[in-house]
Number of protein chains: 2
Amino acid sequence: MESFKLFLKSIVPLSDQEFENYRQYFKARTLPRNSYFAEIGKTSNEAAFIKKGLLRTYYINEKYEEMTSCFCEENNLTASYKSFISQQPSELSIQAVEDTELITINYTDLQNLYQQSPIWQNIGRTIAERQYMVMEQYASVLCNETAKQKYLRLLKEQPSIINKVSIKDMASYLGITRRTLSRIRKEITK
Amino acid sequence: MESFKLFLKSIVPLSDQEFENYRQYFKARTLPRNSYFAEIGKTSNEAAFIKKGLLRTYYINEKYEEMTSCFCEENNLTASYKSFISQQPSELSIQAVEDTELITINYTDLQNLYQQSPIWQNIGRTIAERQYMVMEQYASVLCNETAKQKYLRLLKEQPSIINKVSIKDMASYLGITRRTLSRIRKEITK
DNA sequence: TAAATTCGAGGACATTTGTCCTTTCAAACA
DNA sequence: TGTTTGAAAGGACAAATGTCCTCGAATTTA
């Protein structure tokens, strides 16, 4: 729970006392490798802070292929945001790549927090703004860099995931085919 | 101001009285064609609702080319969000494609609104969440569709901008070159 | 254990997209 | 009015990326 408190303090002013006051709303939970935090078609009623581990977010495209849209590492938040926010069925599945420890909050409790305290309204808004900026950055990168640049960026910015996820998933995360990624990897190692 | 009120009401519950209470924080302003709402290097201290008109958001890439990242049409919000939220110099310029009417709020006043009322905290959070979802959609489209699919989507989803913006800007918005867009347009008309 | 399946590498070829260039046309301007 | 500038179309070629395929190794399943 300590790492979650530090995470919150890094984005908004928050005293230990204030954190303690609302602590009971948050639950610790482990997610075994390959199990799901969210599933396509089910309304997602939890958001989570990743204390330890790695999660993969994907959707199914019109060719029935899994398209990975996100790898979430520890010390980050994850959720099927659209489903969680709108309380509609999820278009995304979120699966544990390895055994993962989460701190979660459910939708109803979060709405209660928002009702109870402007502190949490502020935290919620700030987090949404941050997520927006992260997504903007991701969009800009994926649309304007070549396949090779994107792979090199992944190596640099998320080196720890390279040995944990499949080539297939990495390729779809980068928006390229396996064949292209194979070529790039060969060229890099040479 | 009416259209702005309707816009707000479409995203959060808001009574006419509540809107009137805070109305004085918002200023109407016109932006002549080609003038700027935000400029690269300057800290952006306003966010705006577009009552009428069209704005283009762009940045300068490493080859000193203008890269268009957004066309914002009427009944939408615009801002150099990152700069506005963080109050750091903007990486984006926002320019009027045609004479445009805005309803704006400045950073300090918005912070005051957040302080004064949970209604505005809620509006701010909801808007941030919405912007996130829009950006997620944009990222997904641009990364997973072909040049032709993206152009057809633009024709379908933002038909009104086609005759207002240059081919050059449209191409960079779609993440493709002018040459490619020229080929696609030729193919479509045939 | 044996069979079946999945995954990753990479060959051969096709398609898409980009680069560089020229031409034309229209708008801006002295 | 004549000149300049910039936008758009498109030719020729190059580079990047995708498609389809096979192979061998690893993994899963019966």
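Each chain gets a letter, A, B and so on, in the order the sequences are listed, and its residues count up from 1.
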Quiz item: Hey, does B:K168 reach any base, or is it just sugar-phosphate, or nothing, if we go heavy atoms under 4.0 Å?
Solution: sugar-phosphate
Quiz prompt | Test item: side-chain donor near acceptor, A:N112 and A:Q116, under 3.5 Å | solution = no
Quiz prompt | D:dT17 OP1/OP2 closer than 4.0 Å to side-chain N/O of A:T180 | solution = no
Quiz item: Going by atom types only, do B:Y107 and B:Q87 share a side-chain donor-acceptor pair under 3.5 Å?
Solution: no
Self-check item: Parallel, tilted or perpendicular: ring planes of B:F4 versus B:F49, cut at 30 and 60 degrees
Solution: tilted
Quiz item: What is the minimum heavy-atom distance between A:Q95 and A:N34, and which atoms define it?
Solution: NE2-O, 2.9 Å
Practice problem: Nearest whole angstrom, please: distance from the C1' of C:dT6 to the CD of A:E65. | Solution: 15 Å
Practice problem: Cation-pi check, A:R185 to A:Y151: give yes when NZ or CZ is under 6.0 Å from the six-membered ring centre and within 45° of the ring axis, no otherwise. | Solution: no
Quiz item: How long is the gap from CD1 on B:I50 to OG1 on B:T100, to the nearest 0.5 Å?
Solution: 7.0 Å
Exercise. Quickly work out the B:R178 CZ to D:dG11 P distance and round it to whole Å.
Key: 18 Å
Quiz item: At under 4.0 Å between heavy atoms, what does A:K148 touch on the DNA or RNA strands: base, sugar-phosphate, or nothing?
Solution: nothing
Quiz item: Reckon B:S166 touches a base, only the sugar-phosphate, or nothing at all at heavy-atom distances under 4.0 Å?
Solution: sugar-phosphate
Exercise. Report the distance from atom CD of A:E2 to atom NZ of A:K5, rounding to the nearest 0.5 Å.
Key: 4.5 Å
Practice problem: Give a yes or no on whether A:K42 atom NZ has more than 12 heavy-atom contacts from other residues, nucleotides or ligands under 6.0 Å away. | Solution: no
Quiz item: What is the distance from CD of B:Q149 to C1' of C:dT15, rounded to the nearest Å?
Solution: 14 Å
Exercise. Grab the CG-P distance between A:N163 and C:dC7 for me, whole Å please.
Key: 18 Å
Exercise. Work out how much the helix from C:dT1-D:dA30 to C:dA30-D:dT1 bends between its end axes, five pairs an end, to the nearest 10 degrees.
Key: 40°
Quiz item: D:dT17 C1' sits how many Å from A:L181 CG, rounded?
Solution: 12 Å
Exercise. Determine whether the aromatic ring centres of A:Y132 and A:Y81 lie less than 6.0 Å apart.
Key: no
Exercise. To the nearest Å, give me how far apart CG (A:L174) and P (D:dT17) are.
Key: 11 Å
Self-check item: Distance in angstrom units between B:I167 CD1 and C:dC25 P, rounded
Solution: 18 Å
Quiz prompt | Options C:dT17, C:dG18, D:dT17, nucleotide nearest the side-chain atoms of A:A147 | solution = D:dT17
Quiz item: Does a distance-only test, which skips hydrogens and angles, find a donor-acceptor pair under 3.5 Å between the side chain of A:R183 and the base of D:dG18?
Solution: yes
Exercise. Take the protein atom CD of A:E187 and the nucleotide atom P of C:dA9, then report the distance between them rounded to whole Å.
Key: 15 Å
Practice problem: Using only heavy-atom distances, decide whether a donor-acceptor pair under 3.5 angstrom links the side-chain of B:R179 to the base of D:dG11. | Solution: yes
Quiz item: For the residue pair B:W120 and B:F26, is the inter-centroid distance of their aromatic rings smaller than 6.0 Å?
Solution: yes
Exercise. Counting heavy atoms from C-beta on, name the nucleotide in C:dG18, D:dG18, C:dG11 closest to the side chain of B:I176.
Key: C:dG18
Quiz item: Heavy atom of residues 151-160 of chain B under 4.0 Å from DNA chain D: which residues?
Solution: none
